[in-house]
There are 2 protein chains.
Amino acid sequence: MKKITIKDVAQEAGVSTATISRVLNNTGYVSEGARRTILETIERLNYRPNAIARSLKQDRSRMVGIVLPDMTNPYFMKLSRSLQKRLRQSGLHGMFMDTYGDPDMELEALNGLMMMRVEAVVLAGTGRNVPAIRKMVRGSGIPFVLVDRKLPGVAADLAAEENEAAAHEAAAELAQRHEAIGILAGPDWISTARERLDGAAAALREAGVALPASYVFAGDLTRESGREGILTFLQLPKPPTAVFSVNNEMTFGLYLGLREAGKALDSIEVASFGDLEFSGLFGHRLSIVEQCPDEVGQAAAELLIRRLAHAEKGEGTESRTFVPTLVRKW
Amino acid sequence: MKKITIKDVAQEAGVSTATISRVLNNTGYVSEGARRTILETIERLNYRPNAIARSLKQDRSRMVGIVLPDMTNPYFMKLSRSLQKRLRQSGLHGMFMDTYGDPDMELEALNGLMMMRVEAVVLAGTGRNVPAIRKMVRGSGIPFVLVDRKLPGVAADLAAEENEAAAHEAAAELAQRHEAIGILAGPDWISTARERLDGAAAALREAGVALPASYVFAGDLTRESGREGILTFLQLPKPPTAVFSVNNEMTFGLYLGLREAGKALDSIEVASFGDLEFSGLFGHRLSIVEQCPDEVGQAAAELLIRRLAHAEKGEGTESRTFVPTLVRKW
DNA sequence: TTGTAAGCGTTATCAA
DNA sequence: TTGATAACGCTTACAA
C-alpha cells in the first residue's frame, strides 16, 4: 500500500524522472523504446501522477470554483452541468460550493477557493457581499464570471437571462384580462428578483393597471414565502384575480397556499418566472417564463475559457452575455 | 498582482517562515507579540496560505470525491448537501463528479480523483464498472462509501435505503384492489431498481396476483422510458389497472404518457418509489414511497469520518447503514 | 520561543 | 535523446 511516485517508476524502468515526466506530458524527445518501457512500467505499477505536486510546480490548479446559493435547485444544477461539461473539455474541474444563500458561508467559500488557488470563479451570489467580492475580484488576479445574478459594481463577466423583458411580457399578458394583479416579489438585493419585479410593474403601469403596495408581497424566493404571499393576498378586502410570481418556488408555494385556503388551483390566473415540473400536466391558467440554464452555463463557460486564454494580455473590459427567455402561454 | 507567499510575510514581519507556519496552524509556541505582528502582516498583505503546497507537504488533500450519475437530480443533490455539510465540519471539501450514468465517464472521474489524491470517495455507481472499481478500492488504500446503490463484491461501506421492503409494502397496497398490475422497472444492474422490482414482484406473488412478462416494462429510469412504458401497457389487450413505478422520473413519464394517450391522470392507480413534487397538490390515486436523501447523506458522512479516523488501524470489515423509507398513501 | 533546512512529488532548465 | 538538479510553497524535525 506504499504510495508509488515518479521515482519508483524511474527506478523500475531504469531511466530518470525527467524522462518519465516527458512521456507523461508528451513534451520533449523520448525514444520509442524508452517510451514503451515506461508506459509498461506505469501500467504495471499502477502509477498515477500526483496532481497536487503537479499543480504546485506548474502553478496551475486546473480547478474552477463554482459558488451557488442552492445545489438542490435544479435550475442551478442544470446550469452547472453544461458549464462543467465545457470546462472538462479544457481540462478543468469544477469545485462546487453551496452557500445556502448565506453571506457568511459565501465569504467562507470564496476564501477557501482562493486558498485552493482555483484558476477562476463562477458565482451566483447572495447579493450581500458586494464590497468584499469587489475587493476579491481586484486582488485575486483571476477571472470571475457572474451567472444568473448581477452584482452591482463588480467588474466581472456575466451570463444571465433577460429578466426584465420576459417579466414585462408575462405581466402584460395578465394585464389584458385582469385589473387586480398581485406580485410575489423577492429580495431587493437579488438582481433577478428585482429585475423581474421592475419588468412586471412597468408592464402593469403601461397597461393602466394599478399596483397598490398591498398587491406586492416581499418574499424571499422560497416556497414558504410564496405560500405566505398568497394567503396574505387572500386576506385582502379585494384579493387579486391574477398573480405574477418572480420564481418557481414561490409559485409552488402559491399553489400550496391556495389549497390550504380551500381554493381551487385555477381560481386565480398565474404567471410564473421559472417552470414548474407539473405545468405541462395540469397547467391551467398558468403562464410560464421558461428559463435556459443550459445556455447560461454554456455562455459562462465560454466567457471563462476566453478570459483564461487571454489572461496574460491584461484584463480588458468585462463582457456580458444575455440569453433570451421564452414566454410560454398555457 | 505578484503572488504573495509565506516568505513575503516572514520578511515583512521580520521572522522566519517557521514561525508564520506556527501561528497559521496553532502549533508550537509563539510569543504573543510575534503572533500579533504576524497576524497583522498577513492581514495587511492579504496573504492566503497555498492549500496546494500544504496538501503536498502534509500528504492530505482534505478533499473527498463525490461521484454521481446525475447532478441535476434533486435526490442526489439533497443527499450530497447533507453529506457535504457534515464533511465541512471535519474540514473536508467535496469534489463533485457527474458521470451522466455513463461507465466510461465514471472511470474517468474516478481516475481523476485518484490523481487528485482525494482522501475518500463517495460513489453512487453506474453498476457497470464493478471489476475496475473493486480493483481501485483494493489498490487505492482510501475508503470508499457507496451511497444509494450497491455494487456486488465491492468491499466498501454503504449507506442506502430499504428498497425491497418499501417496494413490497407499496405493491401490496395495490394488490389489495387490483388484479392487473404493471411494473415500470429499471436496469437490472442498478441495485435500487432491481431491489424495488424484486420487492414489488414478491408482494404480488404473495397476494396471488399474476405478473405476466408483458406487465413488466424494462425502462432505464428516465422520464422518456416511463412514457414509453405506459404507452406500451396501454396497447395491451388487457392493460393494467394499476402501475408500480420504481422511480419518480418514470412515474412522471407515466403521467406524460397518459396525457398523450388522452387518458385521465387518475384513470389508473399508481404507486411510485420516490416523490413527485406535485403529489401533494393533485395527487389522486397515487401512493408514494418517500425517500430520505438527507439521512442517507448523513449516514454516508458518518461512515466516512469514522473510516478516516481509524485509517491507521487497518481496514476492518465494511459497515452498511440502511435508512427506512416511509410509504405514504394518498 | 525561534530559526535552519530538509523534504513532499512534480516539472523544467541546463548540460551532456 | 537523456540525466542532474533546482525550484514550487509549505510543514516539521532538530538545533539553538
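A, B, ... follow the sequence lines: proteins, then strands. Residue 1 opens every chain. None of these values were measured; they are calculated from a predicted model.
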Should the heavy atoms of other residues, nucleotides or ligands under 6.0 Å from CD of B:E40 be counted, would the total exceed 12? yes
Over 12 foreign heavy atoms within 6.0 Å of CD, A:E43: no
From [atom1] of [X] over to [atom2] of [N], roughly how many Å is that when rounded to an integer?
X	N	atom1	atom2	value
B:I38	C:dT2	CD1	C1'	10 Å
A:I6	D:dT5	CD1	C1'	14 Å
A:L56	D:dG9	CG	P	7 Å
B:R62	D:dT11	CZ	C1'	12 Å
B:K7	D:dT11	NZ	C1'	13 Å
B:I52	C:dT11	CD1	P	14 Å
A:R60	C:dG9	CZ	P	23 Å
A:I20	C:dA12	CD1	C1'	16 Å

Of the nucleotides [options], which has the atom closest to the [X] side chain?
X	options	answer
B:L24	C:dT11, D:dT11, C:dG3	D:dT11
A:V15	D:dG3, C:dG9, D:dT12	D:dG3
A:A34	D:dT2, D:dA4, C:dT11	D:dT2
A:K3	D:dT11, C:dG9, D:dT2	C:dG9
B:R22	C:dT10, D:dC14, D:dT2	D:dC14

Most 5' of B:Y47 and A:V30 on DNA chain D, judged by nearest nucleotide: A:V30
Hey, which of these two, B:E32 or B:A53, hits DNA chain C nearer its 5' end, going by closest nucleotide? B:E32
Side-chain N,O ([X]) to OP1/OP2 ([N]) below 4.0 Å:
X	N	result
A:S16	D:dG3	yes
A:Y29	D:dG3	no
A:S21	C:dA12	no
A:N25	C:dT11	yes
A:T19	D:dG3	yes
A:T17	D:dG3	no

Is it the case that the base of C:dG9 and the side chain of B:R117 share a donor-acceptor contact (distance under 3.5 Å, atom types as modelled)? no
Within the modelled atom types, does a donor on one side and an acceptor on the other bring the side chain of A:K57 and the base of C:dG9 under 3.5 Å apart? no
Can you check side-chain hydrogen bond (donor to acceptor under 3.5 Å, both in side chains) on B:E106 and B:T126, steps first, answer last? CA-CA 7 Å; B:E106 180 175 49; B:T126 63; 2.6 Å; yes
Can you see whether B:R86 engages B:S82 through a side-chain donor-acceptor pair at a distance of less than 3.5 angstrom? no
Closer than 4.0 angstrom, basic N to acidic O: yes or no for A:R307 and A:D157? yes
For B:R81, is there an ion pair with A:D70 - N to carboxylate O distance below 4.0 angstrom? yes
For a quick check of understanding: with a heavy-atom distance under 4.0 Å over all strands, which category does B:D59 fall into, base, sugar-phosphate or nothing? nothing
Categorize A:A51 for me: base, sugar-phosphate, or nothing, with a 4.0 angstrom heavy-atom threshold over every strand shown. nothing
